[in-house]
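Contents: one structure, followed by commentary.
Both backbone and side-chain heavy atoms feed into the values below; hydrogens, waters and symmetry mates do not. Owing to the predicted nature of the structure, the values given are computational and were not obtained by experimental measurement.
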Amino acid sequence: MVKYFLGHSVLRSSWDQVFAAFWQRYPNPYSKHVLTEDIVHREVTPDQKLLSRRLLTKTNRMPRWAERLFPANVAHSVYILEDSIVDPQNQTMTTFTWNINHARLMVVEERCVYCVNSDNSGWTEIHREAWVSSSLFGVSRAVQEFGLARFKSNVTKSMKGFEYILAKLQGEAPSKTLVETAKEAKEKAKETALAATEKAKDLASKAATKKHLLHSLCPPPVFYY
């Protein structure tokens with residue numbers, strides 16, 4: 001049995017911009033698991049379509065229960081082939097990716113079609129399909145469930161990285177990463193707490209000064225017996 005994924009995403013950038021950004025996606029703050037990318041073949045067909053094949057290396061931490069099934073010296077890097085067909089006349093780009101090692105454990109195949117959004121010609125939509133399979137006897141279902149969950153997580157990172165690069169190429173300030181946002185919030189909280197402490201000290205000092213002044217102007221009464 002194979003796990004199947006079907007998804008649809010929209011990038012608020014034109015197809016030309018997305019096509020240009022596609023080849024410049026790495027590195028970005030959301031793709032730290034992508035180690036290398038190399039073009040191994042490229043050609044332009046007689047009908048003016050661009051065919052490319054790239055080899056990407058990504059880190060792939062296995063779940064703990066899966067690590068017991070493989071020797072300690074098994075590489076944690078995954079080698080991925082990516083074939084793409086770009087049709088500039090019809091403004092479509094189709095990519096197909098699959099891993100070429102660790103295939104006994106799991107194979108993840110993905111097909112994406114980038115085309116002009118039907119509702120807004122200035123946007124680009126992505127139709128994504130994926131198939132996750134495993135040939136490990138007895139645990140293939142668990143491996144496929146894990147693979148599908150990780151794939152969904154990587155899709156989210158991929159889209160954030162795409163948007164980051166698009167903003168950068170268009171001269172906009174890229175949106176901050178979650179780590180950057182959390183760091184700024186922490187620093188701001190520290191500044192606020194420090195300011196509150198200083199204000200409290202100032203109010204306490206003023207209150208003490210006022211109390212001292214009142215005592216000097218209005219000395220306590222003297223009782224005679």
Side-chain angles (χ1 to χ4, degrees), residues 2 4-60 75-118 120-133 135 147 150-152 154-171 174:
V2 177
Y4 176 70
F5 173 87
L6 177 64
H8 175 263
S9 307
V10 174
L11 291 168
R12 298 186 177 186
S13 299
S14 68
W15 184 88
D16 290 336
Q17 292 170 330
V18 171
F19 167 66
F22 179 82
W23 307 107
Q24 303 177 59
R25 284 184 298 168
Y26 310 120
N28 69 69
Y30 302 94
S31 67
K32 294 180 180 179
H33 63 293
V34 180
L35 304 179
T36 64
E37 57 171 334
D38 298 281
I39 297 174
V40 295
H41 177 75
R42 176 163 283 173
E43 68 173 290
V44 177
T45 64
D47 57 351
Q48 299 303 303
K49 293 179 181 177
L50 176 66
L51 308 183
S52 302
R53 169 166 286 188
R54 295 197 298 175
L55 175 65
L56 299 98
T57 307
K58 301 182 180 182
T59 58
N60 184 46
H76 285 186
S77 296
V78 179
Y79 301 109
I80 297 173
L81 280 180
E82 174 196 85
D83 285 348
S84 61
I85 305 173
V86 179
D87 184 350
Q89 184 174 356
N90 295 309
Q91 292 189 308
T92 63
M93 177 170 62
T94 304
T95 64
F96 186 70
T97 61
W98 70 100
N99 59 293
I100 57 177
N101 66 332
H102 298 315
R104 179 169 171 259
L105 172 64
M106 178 170 54
V107 175
V108 180
E109 300 169 289
E110 179 190 40
R111 180 178 182 270
C112 294
V113 179
Y114 300 75
C115 57
V116 178
N117 182 262
S118 56
N120 188 328
S121 60
W123 292 359
T124 304
E125 58 188 43
I126 307 172
H127 300 278
R128 191 186 311 269
E129 291 180 282
W131 300 263
V132 182
S133 60
S135 59
R150 172 171 286 181
F151 175 82
K152 291 178 180 179
N154 287 343
V155 167
T156 301
K157 293 179 183 177
S158 175
M159 292 302 297
K160 287 183 178 294
F162 223 138
E163 291 168 352
Y164 181 93
I165 294 299
L166 281 165
K168 192 174 181 180
L169 292 177
Q170 294 168 29

Do the non-hydrogen side-chain atoms of Met159 and Arg128 ever get within less than 4.5 Å of each other?
yes

Minimum-distance pair of heavy atoms, taken over all atoms of [X] and [Y]:
| X | Y | value |
| --- | --- | --- |
| Pro27 | Ile165 | O-CD1, 3.9 Å |
| Leu50 | Trp23 | CD2-CZ2, 4.5 Å |
| Ser13 | Gln17 | CB-OE1, 3.4 Å |
| Trp15 | Pro88 | CH2-CA, 4.1 Å |
| Leu35 | Lys32 | CD2-O, 4.3 Å |
| Thr57 | Ser77 | CG2-CB, 4.0 Å |

Could you tell me which residues satisfy side chain to side chain contact (heavy atoms under 4.5 Å, CB included) with Ser135, sequence neighbours excluded, listed by chain and number?
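Applying side chain to side chain contact (heavy atoms under 4.5 Å, CB included) to Ser135 gives Arg104.
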
Name all residues meeting the salt bridge (Lys or Arg N to Asp or Glu O under 4.0 Å) criterion together with Asp47; count only those two or more places apart in sequence or in a different chain, and write none if there are none.
Lys49

Please check this pair: side chain of [X] against backbone of [Y], looking for a donor-acceptor N/O pair closer than 3.5 Å.
| X | Y | answer |
| --- | --- | --- |
| Asn99 | Val108 | yes |
| Asn101 | Tyr79 | yes |
| Arg25 | Phe22 | yes |
| Thr124 | Ser14 | yes |

Please determine whether the number of non-hydrogen atoms from other residues, nucleotides or ligands lying under 6.0 Å from atom CZ of Arg12 exceeds 12.
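Counting neighbours around CZ of Arg12, 12 or fewer heavy atoms of other residues, nucleotides or ligands fall under 6.0 Å, so no.
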
CD of Gln89: more than 12 outside heavy atoms within 6.0 angstrom?
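Atom CD in Gln89 is not packed in, count stays at 12 or less.
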
Taken in chain and number order and not counting sequence neighbours, the residues that satisfy side chain to side chain donor-acceptor pair (under 3.5 Å) with Asn120 are none

How long is the span from the [atom1] atom in [X] to the [atom2] atom in [Y], to the nearest 0.5 Å?
| X | Y | atom1 | atom2 | answer |
| --- | --- | --- | --- | --- |
| Thr45 | Ile85 | OG1 | CD1 | 9.0 Å |
| Asp83 | Arg53 | CG | CZ | 4.0 Å |
| Tyr30 | Lys157 | OH | NZ | 11.5 Å |

Relative to each other, are the rings of His8 and His127 parallel, tilted or perpendicular (30° and 60° limits)?
tilted

Take the angle between the ring planes of Phe5 and Phe151 and call it parallel below 30°, perpendicular above 60°, tilted in between.
perpendicular

